[in-house]
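Below, chains carry the letters A, B, ... as their sequence lines are ordered, and counting in each starts from 1.
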There are 2 protein chains.
Amino acid sequence: MKNESVLTEEIQVKSSVINDTKKLVDSYPRVPITVDCVVFGFDENELKVLLIRSDLEIYKDKWSLLGDFADVAGEAEDLDAAAYRILKHRTGMDDVFLEQVKTFGHPNRHPGGRVITIAYCSLLNIKHHQLKVMDNELHWHSVQGLGDELAFDHKIIIDECYDWLKKRILEHPLGFNLLPEKFSLRELQNLYESILNVKMDRRNFRKKFFAMDFLIDTGELEGDVPHRPGKLYQFNFQKYNHSKKKWNGIDF
Amino acid sequence: MKNESVLTEEIQVKSSVINDTKKLVDSYPRVPITVDCVVFGFDENELKVLLIRSDLEIYKDKWSLLGDFADVAGEAEDLDAAAYRILKHRTGMDDVFLEQVKTFGHPNRHPGGRVITIAYCSLLNIKHHQLKVMDNELHWHSVQGLGDELAFDHKIIIDECYDWLKKRILEHPLGFNLLPEKFSLRELQNLYESILNVKMDRRNFRKKFFAMDFLIDTGELEGDVPHRPGKLYQFNFQKYNHSKKKWNGIDF
DNA sequence: TTTTAAAGTGTTATTTTTACACAATAATAT
DNA sequence: ATATTATTGTGTAAAAATAACACTTTAAAA
């Protein structure tokens, strides 16, 4: 067993080591970090992205992603947490998933000086998520044909996130987040066609999704259509989450 | 045409706007950014990762990734550039690709205070890249069974990069970076089997790679084997780079 | 009752994937 | 020279996944 003086010495050594480590880190250059949320939504058969009127005077006629600085000063906030906080603050939403996509750090990407931003991506059903009433500065923009009305390097960020989304939706059932709880197969197909920007065969599409065995027939029919209504289905998240094979890896 | 006073006014407005923007950015909390390079290599039929003895006293018996702070103070250095600089500095190598994988920012990931790190990944042929002679602190570790001899959160980072690599190598011909210029199909198959950690059928494997049409038969045979030698092939990067279909999306 | 527009449904051909076994060859040992 | 050894090189058939394709059914609206 060690005696007390040895213990004390060890502790002193350790704390001086930590001090050295802190000093080293203190010597590193520092930079502000922001998080930008690329929130995709689907409405009227079109993929949209949620933008906010830039709050910088310099970009006054431009739109920007939902972003803000990450609270890296306190020891409290994880990057993921920062993303959720910022999304909640900007839109009031707190029940969506967010995934980190990529970090952008071009030296001149921000007119106010060097700022590094981490892009997070989300996908949700526009109708299901009421935006904060106050914020009429928020707007859903069509993803197709998004041009130079964007501030910063946000066009580049959105493009990369859109590419990420197209890959992601083929290997994970994200698409169901975009639909009403109960949806027709036509709606589901429209969704995939819009996001992937392809046309698919109706019969083969149905075959594939039914083969996955994660769709529940609700027995209900869609209303408000001037023709034969389609059956409404639900996605069985329960079953999906506990299933081994997860997802067939759709590949159109 | 505008007269001079209007022009002057405009410029003044603009510069005050920029000043405001700078002030805003100045008010953001700042954090040091590091870049960590996860360099995978292949040798003796095993996937390895290049590690360096930690230069922090607190981690003196641990190994860590090749990392350093990014020069975010100057306006000069892009994140990608930082990754290349750091890799070059630590190993002397400057002819490998690096791709950004993910940013890690857990508040307590660094004992010296809050540091956010961006992980970059690379893949190379160990024999082709001599490490700096000075640096006997560098060591190729087997990726399998990497344990708690790692500093910081580097085990987590390596795990995520390894997952990334497994996906990446199926959709991109990275594997050829790991082989000698001329290689036998057995070597190629060993490579894929080691990285993906699966066994594959020899005939089907050959079929798949020949179908891709990017392998050139050099006419040579491998030497130094105590049995029938295999033919040596080269990967046709030229043809690959100009080809439309790129890669069959191998899927074992 | 008719019209309309989309829903629902099955089969066949094609392609891709998997499974599987034996002859040919160069090097080495005898 | 010959036999031995270890690995290369090769083809085919079954199974699974994908792609192509057209007519009948249905509810709502006219």
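The CG-C1' distance, from A:L232 to C:dG8, rounds to 15 Å in whole Å. If you take NZ of B:K199 and P of C:dT17, they are 21 Å apart, rounded to a whole angstrom. Rounded to a whole Å, the CG atom of A:D224 is 11 Å from the C1' atom of D:dA28. Rounding to whole angstrom units, CZ of residue A:R202 and P of C:dG10 are separated by 14 Å. B:H227 places its NE2 atom 13 Å from the P atom of C:dA26, with the value rounded to the nearest Å. Atom P of nucleotide C:dA6 and atom CG of A:N45 are separated by 12 Å, given to the nearest angstrom. For the pair A:D201 CG and C:dT11 P, the computed distance is 16 Å after rounding to whole Å.
Contact of B:R203 with C:dA21 (side chain to base): a donor-acceptor pair of N or O atoms is detected under 3.5 Å. The base of D:dG9 has none of its N or O atoms less than 3.5 Å from a complementary donor or acceptor on the side chain of B:R228. Scanning atom types as modelled, one donor and one acceptor separated by under 3.5 angstrom connect the side chain of B:K207 and the base of D:dT12.
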| task | Just do the salt bridge (Lys or Arg N to Asp or Glu O under 4.0 Å) check on B:E220 and B:K231 with the steps written out, would you? | result | CA-CA 6 Å; B:E220 299 170 53; B:K231 285 187 185 175; over 6 Å; no
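Using a cutoff of 4.0 Å between basic side-chain nitrogens and carboxylate oxygens, B:D61 and B:R53 are not scored as salt-bridged. We find that B:K167 and A:E171 are joined by a salt bridge, their nearest charged nitrogen and carboxylate oxygen being less than 4.0 Å apart. A salt bridge does not link B:E149 to B:K62: none of the charged side-chain nitrogens sits closer than 4.0 Å to a carboxylate oxygen.
Each of A:P229 and B:R186 has a nearest nucleotide on DNA chain D; the 5'-most of these lies closest to B:R186.
Of the listed nucleotides (D:dC21, C:dA5, D:dG9), D:dG9 has the atom at the smallest distance from the side chain of B:R206. With distances taken from any side-chain atom of B:N204 to the nucleotides D:dC21, D:dT10, C:dA19, the minimum falls on C:dA19. Ranking D:dA6, C:dT17, C:dA7 by closeness to the A:E222 side chain, first place goes to C:dA7. Candidate nucleotides D:dA27, D:dA29, D:dT18 were compared by shortest atom distance to the side chain of A:P226, and D:dA29 ranks first.
Remark: aromatic rings of A:F235 and A:Y240 are close, center separation under 6.0 Å.
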